[in-house]
Amino acid sequence: MNEQDLRNLIAGVKDGRLSRRNFVQRMVALGLTAPMAGMMLAHEGLAQNADLRAAYKPAKAGGGGPLKLLFWQAATLINPHFAIGTKDQEASRIFYEPLAAWDAQGNLFPILAAEIPNRQNGGVAADGRSVTWKLKPGVKWHDGKPLTADDVVFTWQYAANPATAATTAGSYKDIKVEKIDDHTVKVLFDKPTPFWADAFVSTVGMIIPKHHFEAYTGDKSRDAPANLAPVGTGPYKFVEFRPGDIVRGTRNPDYHVPNRPYFDTIEMKGGGDAVSAARAVLQTAEYDYAWNMQVEDEILKRLEGEGKGRVEMSYGGNLEFILLNATDPWTEVDGERSSLKTQHPAFSDPAVRKAMNLIVNRAAVQQFIYGRTGRATANVLNGPEMFRSKNTSFSFDVDKAAQILDEAGWKKGGDGIRAKDGKKLKFVFQTSINAPRQKTQAIIKQAAQKAGIDMELKSVPGSVFFSSDVANPDTYPHFYADMEMYTWNMTQADPGVFMLQYVSWEAATKANKWQGRNISRIRNAEADACYRAAQEELDPVKRAALFIKMNDIVVSENVLPLLHRAQVSAVNGKLRTVDSGWDNSLAYLAEWWKEA
């Protein structure tokens, strides 16, 4: 299909000759996904989001009583720009909102924006160098002050300031934001930018109030009272927060969407484990919703049989993976372990990395642990489909791994552990505490032993592993281990932000308070070049090819993909939620309600 054919199809959707469904079906037949087809239509001013709110039945706000959420990884702060791990993003999303969010089809949906920018409404510049956002009028902060363009500009300044050390800095540091009027801002890019829906959108895009944070910028940013007592625009107002335990809110009577929210109060309880959280919804109905059901599928099916709830799954691009530390976690340089000034004594050898890939039995992990909730994969990019590499594959072959190590000079000693030049293949393999991850560790350790590799398994409580405490050495960004495993959520229908975790300038270090996205400290000039080129390439096919090439590089280096994971939740049988695999679980919390 050439460009003119594509334009004719889009014109057909505009004038009603072709249905939106038929257009999407034709694009899927050409190798695109529904989300990407939706983005093409949105780009031409043909976004379709009405279905998201059509399912909402309550005729007035309030009256729904309490909404009880159970998060087995407890929130440790409620500043979206300091969020370490998904649980802090989710807690922030109760109170704060972005300009737009992603729906289940990968379309942009306006939240604080009056509309989604596109070329038809003048919001997206033809040269790809700017996008103009119009704010929804009448939106108030929880303290009654109006949301204005000043808040949006301030959010950019706050996140982009290196001294703030924001986890979202990568989305803001290379842009400029201008105030056009009180309800309009323009985002300027220094080069053509094909994916403009990054800053102010979804997980990284939550807007914070200037009047509560402007006295706490840069080095003072961690001292802001609002870090623990948020003042947002969301459907619920802050009541209480006990870090590592509970978040409470109450209905926002001035919420900017009619008849919402339905629930009078909200409680986000943290702690425990995924299995007990599943039981609390599906078996005892003590809670309405449990997040991130990283539970063996066999257990989930058995609990669903109780008839009190259901398991909901939505696939986006979320990845369960193992990182091999590119630096040396056992050598301290200038007071820092896993320093960029070091190299890992074993993983710096490509032969060791190849062998590690072969001892990971992905098929067994899927079959015996995750079932319908995860798909074995050899890619870090698993969606949208146009970004999925066909060049990769995985296999489980301990004998081949042993052969590779033998040929590279890693010989078994009397203790059965391989060594070379006085360095042994003895690794500390860490992850957060939950049954599927501990079982995955055990499967990998067993295969490693057969290959002559010794592993010490380390399990860290999720509240610690995903903590935002920069002084705690057991958090996953510190990476004071040889290997670690967790899930990284892809909260956009585009790889732009997701792939920042593999570029050299995003390495987590002491200097940036371990806030960089690149946890493995991988540094590959070719991968960096692919990323930079993709950020300027306006041709979607060429851009996809660049990300596929980058994917192929990183999976040959320090990243071992395990599973393309679904976003899995346990939900009360009467609760009606709106979810998206491309955004946070609570992105559409205002649309939730419960049947009588």
Side-chain angles (χ1 to χ4, degrees), residues 10-11 13-14 20-21 23-24 27 32-54 56 93 96-139 147 149 151-152 155-156 171-172 175 177-178 180-181 183-189 192-207 233-234 256-258 260 316 384 491-494 496-497 538 540 578 580-584 587-588 590-591:
I10 293 174
V13 177
K14 286 182 179 179
R20 181 184 177 87
R21 178 186 295 274
F23 175 84
V24 171
M27 294 301 102
L32 276 71
T33 60
M36 293 307 299
M39 282 291 290
M40 293 170 68
L41 293 178
H43 189 69
E44 299 297 328
L46 295 166
Q48 176 65 45
N49 300 112
D51 288 346
L52 190 150
R53 287 185 170 151
Y56 187 82
R93 207 65 175 261
Y96 292 110
E97 297 176 305
L99 296 187
W102 297 98
D103 71 11
Q105 287 72 47
N107 299 312
L108 282 175
F109 186 85
I111 304 295
L112 294 178
E115 61 185 4
I116 299 300
N118 56 60
R119 288 191 183 180
Q120 298 298 111
N121 62 25
V124 178
D127 62 3
R129 291 179 177 268
S130 69
V131 59
T132 301
W133 289 93
K134 296 179 181 179
L135 301 187
K136 185 177 182 179
V139 178
L147 168 75
D151 297 302
V152 180
T155 298
W156 159 63
S171 299
Y172 294 91
I175 64 173
V177 183
E178 295 179 351
I180 305 301
D181 57 43
H183 285 86
T184 312
V185 297
K186 178 180 281 190
V187 180
L188 303 169
F189 310 108
T193 301
F195 185 70
W196 47 264
D198 180 12
F200 309 122
V201 172
S202 185
T203 298
V204 301
M206 287 177 259
I207 310 299
T233 59
H256 53 87
V257 182
R260 293 160 177 83
T491 54
Q492 298 174 325
D494 184 272
V497 173
L538 296 179
V578 176
S580 167
W582 299 108
D583 213 313
N584 284 136
Y588 295 103
E591 305 299 322

**Q.** Between Q492 and S202: side-chain donor-acceptor atoms closer than 3.5 Å
**A.** no
Q) Is P117 close to V124 at the side-chain level, that is, under 4.5 Å between some pair of heavy atoms? A) yes
**Q.** Minimum heavy-atom distance Y172-F200, with the two atoms named
**A.** OH-N, 3.0 Å
(Q) Tell me whether N584 contacts the main-chain N or O of A587 through its side chain, where contact means a donor paired with an acceptor under 3.5 Å. (A) no
Q | Donor-acceptor under 3.5 Å (D198 side chain, V204 main chain) | A | no
Q) Do you know the tightest heavy-atom contact between D103 and Y588? A) N-OH, 3.4 Å
Q: Give the minimum heavy-atom separation between L188 and E178, together with the two atoms involved.
A: CD1-OE2, 3.2 Å
Q.
As an exercise, state the distance from CD1 of I207 to OG1 of T155, rounded to the nearest 0.5 Å.
A. 4.5 Å
Q: Please answer whether the main-chain N or O of A125 pairs with a side-chain N or O of S130 as donor and acceptor at a distance below 3.5 Å.
A: no
**Q.** Taking every non-hydrogen atom, the tightest pair across A149 and L135
**A.** N-CD1, 3.6 Å
Q: To the nearest 0.5 Å, tell me how far M206 CE sits from R93 CZ.
A: 5.0 Å
Q) Closest approach of I116 and N121, non-hydrogen atoms and distance? A) O-ND2, 3.0 Å
Q. Just wondering, are more than 12 heavy atoms of other shown residues or ligands nearer than 6.0 Å to NZ in K136?
A. yes
Q. Of the non-hydrogen atoms in L108 and A100, which two are nearest, and what is the gap between them?
A. CD2-CB, 4.3 Å
**Q.** Parallel, tilted or perpendicular: ring planes of W196 versus W133, cut at 30 and 60 degrees
**A.** perpendicular
Q: Could you grab the distance from atom CG of N118 to atom OG1 of T132, nearest 0.5 Å is fine?
A: 11.5 Å
(Q) The criterion is side chain to side chain contact (heavy atoms under 4.5 Å, CB included); which residues satisfy it with L538, sequence neighbours excluded? (A) P192, P194
(Q) Any heavy-atom pair between the side chains of R53 and V257 that's under 4.5 Å? (A) yes
